[in-house]
Amino acid sequence: MTTLSKRKGSAGGTLHQRIRNDIERRILSGEWPPGYRLPFEHELMDTYSCARMTANKVLSALAASGLVERRRRAGSFVARPKVHSAVLQIPDLKAEVENRGEQYDYELLERQQRGATRDDRGRLEVHLREPIIALRCRHDAAGQPFALEDRLLNLKAVPDAATQDFSQVPPSTWLVDHVPWTEAEHRISARNADAAVAAELSIEIGAACLVIERWTWRSGEPITAVRFTHPADLYDLVARFTPSGQA
């Protein structure tokens with residue numbers, strides 16, 4: 001059941017802004033994860049002693065910012081990151097494969113919960129020995145290796161990850177469903193497979209691979225750093241643009 005602490009608020013900006021800040025804080029902190037239903041307008045009116053117009057304005061502004069999805073008659077929900085193969089969006093590989101009509105399979109190859117090393121610091125922007133989870137996974141599509149995933153998770157930002165073994169649910173799927181983020185960065189490169197990568201992806205040593213590295217943050221705090229290595233002939237990235245640069 002959705003609840004908010006009772007408050008009327010006087011100082012610190014307009015009532016509209018204070019209600020919005022309160023909801024944004026809950027979303028960005030992870031207290032209200034993707035898919036969580038927000039209070040209805042009448043619940044906000046009761047909690048904050050505000051007019052319906054104010055409650056509607058708050059929810060409309062949150063929807064316009066992309067944090068909230070409004071569904072007619074169902075209410076307002078914390079938005080889930082979009083699932084596409086476009087260059088500047090965060091894909092869920094399981095959803096991508098299944099949306100193509102192919103059988104998806106997944107295997108967790110390694111999971112370590114430990115303090116961050118010097119190498120980890122360079123990838124994830126955390127302090128030495130801060131608690132992290134290091135994951136290595138393989139994703140299959142239509143019976144053949146589709147991607148090798150190397151991921152670091154910052155447990156300070158995502159403490160719930162400590163209770164997930166990730167043997168059944170891929171980390172990318174779990175993060176999309178549970179962890180909101182505010183900023184992301186991609187780096188795309190081409191590499192030739194070394195012996196270890198070639199063995200995991202069932203390709204020849206030296207075969208061309210597409211490598212996608214991604215970092216996500218929430219309000220400046222690093223959440224995860226991940227590297228996906230794909231056989232070059234099985235994955236591509238698509239982005240459509242207009243002359244103005246809009247997608």
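Residues take their numbers from the sequence shown, with the count starting at 1.
- Note on Arg18 versus Asp22: no salt bridge recorded, every NZ/NE/NH1/NH2 to OD/OE distance being 4.0 Å or above.
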key: Stepwise side-chain contact (heavy atoms from CB on, under 4.5 Å) test for Glu183 and Ser219   = CA-CA 8 Å; Glu183 185 180 358; Ser219 301; over 6 Å; no

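- Here the closest non-hydrogen pair linking Arg111 and Asp165 is CD-O, 3.5 Å.
- Side-chain contact check for Asp119 and Thr117: no donor-acceptor pair (N or O, by modelled atom type) lies under 3.5 Å.
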Could you list the donor-acceptor pairs under 3.5 angstrom formed between side-chain atoms of residues 154-164 and any protein atom two or more places apart in sequence or on another chain?
unit_1: Asn154; atom_1: OD1; unit_2: Lys156; atom_2: N; d: 3.1
unit_1: Asn154; atom_1: ND2; unit_2: Pro222; atom_2: O; d: 2.9
unit_1: Thr163; atom_1: OG1; unit_2: Asp160; atom_2: O; d: 2.9

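- Between atom CD of residue Glu98 and atom CD of residue Gln103 there is a gap of 7.5 Å, rounded to the nearest 0.5 Å.
- Of all non-hydrogen atoms in Ala141 and Val97, the two that sit nearest each other are CB-CG1, 3.8 Å.
- Between the side chain of Thr47 and the backbone N or O of Glu43 there is at least one donor-acceptor pair closer than 3.5 Å.
- Leu93 and Ile188 fall within the same hydrophobic cluster, where Ile, Leu, Val, Met, Phe, Trp and Tyr residues are linked whenever their side-chain heavy atoms come under 4.5 Å apart, directly or through other members.
- The hydrophobic cluster containing Val211 does not contain Phe146, counting ILVMFWY residues as joined when their side-chain heavy atoms lie under 4.5 angstrom apart, directly or transitively.
- Residues Arg71 and Ser76 bring no donor and acceptor atom of their side chains to less than 3.5 Å of each other.
- Hydrophobic clustering, defined by side-chain heavy atoms of Ile, Leu, Val, Met, Phe, Trp and Tyr closer than 4.5 Å, groups Val126 together with Leu124, Ile132, Leu152.
- Side-chain polar atoms of Gln17 and Asn21 form a donor-acceptor pair below 3.5 angstrom.
- Annotation: side chain of Glu31 is in contact with side chain of Arg25 (closest heavy-atom distance under 4.5 Å).
- Looking at heavy atoms from C-beta onward, Leu175 lies out of side-chain contact with Thr216 at the 4.5 angstrom threshold.
- Not counting sequence neighbours, Arg121 has no partner by the side chain to side chain donor-acceptor pair (under 3.5 Å) test.
- The list of salt bridge (Lys or Arg N to Asp or Glu O under 4.0 Å) pairs with a residue in residues 49-62, not counting sequence neighbours, reads Glu41-Arg52.
- Put simply, Leu148 and Ile133 are part of two different groups of oily side chains (I, L, V, M, F, W, Y) that touch within less than 4.5 Å, one to the next.
- At least one test fails for Arg218 against the ring of Trp181: distance under 6.0 Å to the centre or angle within 45° of the axis.
- The closest side-chain heavy-atom distance from His139 to Asp105 is not below 4.5 Å.
- The side-chain contact (heavy atoms from CB on, under 4.5 Å) test applied to Gln112 returns Glu110, Arg114, Ala134, not counting sequence neighbours.
- Other cluster members for Met53: none, since no ILVMFWY side-chain heavy atom sits under 4.5 Å from it.
- The line from CG of Leu44 to CG of Leu59 is 5.5 Å long, rounded to the nearest 0.5 Å.
- Within the 4.5 Å cutoff, the side chain of Cys137 has heavy atoms near those of the Pro171 side chain.
- Counted by atom type alone, Glu213 and His186 present zero donor-acceptor pairs between their side chains at under 3.5 Å.
- Not counting sequence neighbours, Tyr106 has no partner by the side chain to side chain donor-acceptor pair (under 3.5 Å) test.
- Inter-residue side-chain proximity for Cys209 and Phe228 is flagged as unmet; no heavy-atom pair is nearer than 4.5 Å.
- When all heavy atoms of Asp120 and Gly115 are compared, the closest pair comes out as OD2-O, 4.2 Å.
- Side-chain contact between Leu128 and Arg118: present, with at least one pair of heavy atoms (C-beta onward) separated by less than 4.5 Å.
- Rounded to the nearest 0.5 angstrom, Arg191 CZ and Arg227 CZ are separated by 5.5 Å.
- The distance from atom CD of Glu24 to atom CD1 of Ile19, rounded to the nearest 0.5 Å, is 12.5 Å.
- Taking the six-membered ring for Trp and thresholds of 30 and 60 degrees, Phe166 and Trp174 have ring planes more than 60 degrees apart, a perpendicular arrangement.
- Evaluation of the side chain to side chain donor-acceptor pair (under 3.5 Å) rule for Thr182 yields no partner, not counting sequence neighbours.
- Hydrophobic cluster membership of Met45, counting Ile, Leu, Val, Met, Phe, Trp and Tyr whose side-chain heavy atoms lie under 4.5 Å apart directly or via other members: none, as it forms a cluster of its own.
- Listed by chain and number, the residues in a side-chain contact (heavy atoms from CB on, under 4.5 Å) with Ala190 amount to none (sequence neighbours excluded).
- Summarising the geometry of Ala74 relative to Arg37, their closest heavy-atom pair is O-CD, 4.0 Å, with the distance given to 0.1 Å.
- Between Arg214 and Thr224, the side chains place no donor N or O within less than 3.5 Å of an acceptor N or O (distance only, hydrogens not considered).
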Pairs under 3.5 angstrom only: tabulate donor-acceptor contacts from the side chains of residues 192-208 to other protein residues two or more places apart or in another chain.
unit_1: Asn192; atom_1: ND2; unit_2: Gly206; atom_2: O; d: 2.9
unit_1: Asp194; atom_1: OD1; unit_2: Ala196; atom_2: N; d: 3.2
unit_1: Asp194; atom_1: OD1; unit_2: Val197; atom_2: N; d: 2.8
unit_1: Glu200; atom_1: OE1; unit_2: Arg138; atom_2: NH1; d: 3.4

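- Side-chain heavy atoms closer than 4.5 Å link hydrophobic residues (I, L, V, M, F, W, Y) into clusters, and following such links, even through other members, never connects Leu62 to Phe77.
- Every residue two or more places apart in sequence or in another chain that forms a side chain to side chain donor-acceptor pair (under 3.5 Å) with Glu125 is listed here: Trp217.
- When all heavy atoms of Asp150 and Arg123 are compared, the closest pair comes out as O-NH2, 3.3 Å.
- One finds the OG atom of Ser189 at 7.5 Å from the CG atom of Leu210 (value rounded to the nearest 0.5 Å).
- Here Arg129 contributes atom CZ and His127 contributes atom NE2; the two are 11.5 Å apart, rounded to the nearest 0.5 Å.
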